[in-house]
Amino acid sequence: MINTKISKIDESNIDIEEIRKHAKLLSEGDTVIFPTETVYGLGANALDEDAVKKIYEAKGRPSDNPLIVHICEQDEVNKLATDINEKAKVLMDEFWPGPLTMIFKKKEIVPQRTSGGLDTVAIRMPSNPIAREIIRQSGVPIAAPSANISGRPSPTKGKHVCDEMNGRVNGIIVAGDCDFGLESTVVDMTSEKPMILRPGSVTKEQMELLIGEVLIDPSIEGKADVKKAKAPGMKYTHYSPNGDVFIVRGEDSKVINKINSLIVENEKKGLRCGVMCLNKNKENYKGEVIGLGDNLEEVGSNLFNALIEMDKKEMDIIYSEAFSNHGVGRAIMNRLMKSAGYKIIEL
Ligand code: TXA
Ligand code: MG
């Protein structure tokens, strides 16, 4: 067990002294969890192989899975990567700082352990002010995967981070809930046509308005073998709560009837059943119901939190409504399908 230094920091009134203590841990090669606008990240010095090793240990993560390197100023990208094309510059100007990660050819300075042995590097400039400040104070680029134990839902609330990671890292900064609640969009910029390897809040449609056609790695929508996913992280089981997740897709009334009859059946067997749905349908379900929100943005920001809450309520089976596959819906369905192991009941 590591003795974890935990600090509560208010995003609207940042205690610089407290940030400095955590930044010092990072610059000395230790690990610190901090909030970003997407999910909490588990950070270490991206240029220090020994520090990066601690990330894999804390998460129990396979070490062929490359990490995203976080920077606080746009021009730092040039220290880490080469062959940055015009399209990438357009995307940076529009979406950085923010929830967009771009993959470039890496420079020598980025260690193999950070890039998972690939010759490319994933880079993101977060917008969360605490994230920006801790990166700035540490003076180094920060490798940071989501701050969950490998395979679990990514944490979007400080409390969940402490529950899971206290004793596994050197520092934790607890702040408010993350704005977006889904990890950043990952887009590969190393070929002529950029390709989305992981959908997120920055959508294909938004990018295409600025730079023309953007491809989507077919494996992320379950259309091809997930084991061939170009982002190594996408091939592992992910976002899995302890309960067994099923997605039910169809007209509202049919979905409601189906889920309710499945709940009756399963409760007879003594199984505890939960439901995740749009708020407008909340009253219609039996069982333990969590409303995910009124629109896709809200569903995105509440999804991981709801999966974690379902575990706390010790649900054996979790039914979820399906959502539209457009805009952020694409990212929501991608995470939901993975948490369900692609089990979907079509009506
Ligand atoms: O929003 C986020 O991106 C959060 C916060 C903390 O910034 N971070 C995050 O990191 O989600 P992580 O490690 O959980 O996910 C990184 C994803 C993985 O699927 C990984 O395989 C992919 O990005 N990736 C990283 N470097 C890559 C590379 N060079 N080529 C292809 N995929 C890469
Ligand atoms: Mg992750």
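Just so you know, ligand 1 is whichever comes first in the structure, and atom 1 is the first atom listed for that ligand. If you read the sequence from its start, that first residue is 1, and numbering goes on from there.
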Engineer: I'd like to check which ligand 1 atoms, numbered from 1 as shown, lie under 4.0 Å from a non-hydrogen atom of Ala122.
Structural biologist: 25 (C), 26 (N), 27 (C)

Engineer: State, without any angle test, whether Asn128 and Thr36 hold a side-chain donor-acceptor pair at a distance under 3.5 Å.
Structural biologist: no

Engineer: Under 4.0 Å from a heavy atom of Leu118: give me the atoms of ligand 1 that qualify, with their elements.
Structural biologist: 28 (C), 29 (N), 30 (N)

Engineer: Quick one: does Thr36 get an N or O within less than 3.5 Å of an N or O on ligand 1?
Structural biologist: no

Engineer: Would you say ligand 1 has an N or O under 3.5 Å from any N or O of Arg124?
Structural biologist: yes

Engineer: Give the atoms of ligand 1, by number and element, whose distance to some non-hydrogen atom of Ala144 is under 4.0 Å.
Structural biologist: 6 (C), 8 (N), 10 (O)

Engineer: State plainly whether one hydrophobic cluster holds both Leu25 and Ile172, where clusters connect Ile, Leu, Val, Met, Phe, Trp and Tyr through side-chain heavy atoms under 4.5 angstrom apart.
Structural biologist: no

Engineer: Quick one: does ligand 1 sit under 4.0 Å from the side chain of Leu197, the backbone, both or neither, non-hydrogen atoms only?
Structural biologist: side chain

Engineer: With a 6.0 Å cut-off (strictly less than), is the heavy-atom count around NZ of Lys107, excluding the residue itself, greater than 12?
Structural biologist: yes

Engineer: What atoms of ligand 1 come within less than 4.0 Å of a heavy atom belonging to Arg198?
Structural biologist: 2 (C), 3 (O), 9 (C), 11 (O), 15 (O), 16 (C), 17 (C)

Engineer: Any chance NZ of Lys343 has more than 12 other-residue heavy atoms, nucleotides or ligands included, within less than 6.0 Å?
Structural biologist: yes

Engineer: Can you sort out which atoms of ligand 1 are near Ile103, meaning under 4.0 Å from one of its heavy atoms?
Structural biologist: 27 (C), 28 (C), 30 (N), 31 (C), 32 (N), 33 (C)

Engineer: Without swapping roles, check the side chain of Thr114 against the backbone of Ala46 for a donor-acceptor pair under 3.5 Å.
Structural biologist: yes

Engineer: We want to know whether Glu164 and Tyr40 form a side-chain donor-acceptor pair, criterion being a heavy-atom distance below 3.5 angstrom.
Structural biologist: no

Engineer: Would you name the heavy atoms of Leu182 and Val39 that are closest together and state the gap between them?
Structural biologist: C-CG1, 4.1 Å

Engineer: Between Ala143, Pro66, Pro145, flag the one that comes closest to atom 12 (P) of ligand 1 by a heavy atom.
Structural biologist: Pro145

Engineer: Give the atom numbers and elements of ligand 1 that come within less than 4.0 Å of a heavy atom of Ser146.
Structural biologist: 8 (N), 9 (C), 10 (O), 12 (P), 14 (O)

Engineer: As an exercise, identify every atom of ligand 1 less than 4.0 angstrom from a heavy atom of Ser184.
Structural biologist: 1 (O), 2 (C), 3 (O)

Engineer: Measuring to the Mg ion (ligand 2), does Asn148 have an N/O/S atom at a distance below 2.8 Å?
Structural biologist: no

Engineer: Compute whether any side-chain donor of one residue and acceptor of the other, for Ser7 and Glu18, lie under 3.5 angstrom apart.
Structural biologist: yes

Engineer: Hey, quick one: are Val90 and Met207 part of the same hydrophobic cluster, counting side-chain heavy atoms closer than 4.5 Å, chains of contacts allowed?
Structural biologist: yes

Engineer: Consider every N or O of His70 and every N or O of ligand 1, then say whether any pair is closer than 3.5 Å.
Structural biologist: yes

Engineer: Under 4.0 Å from any heavy atom of Thr120, which atoms of ligand 1 are there?
Structural biologist: 28 (C), 29 (N), 30 (N)

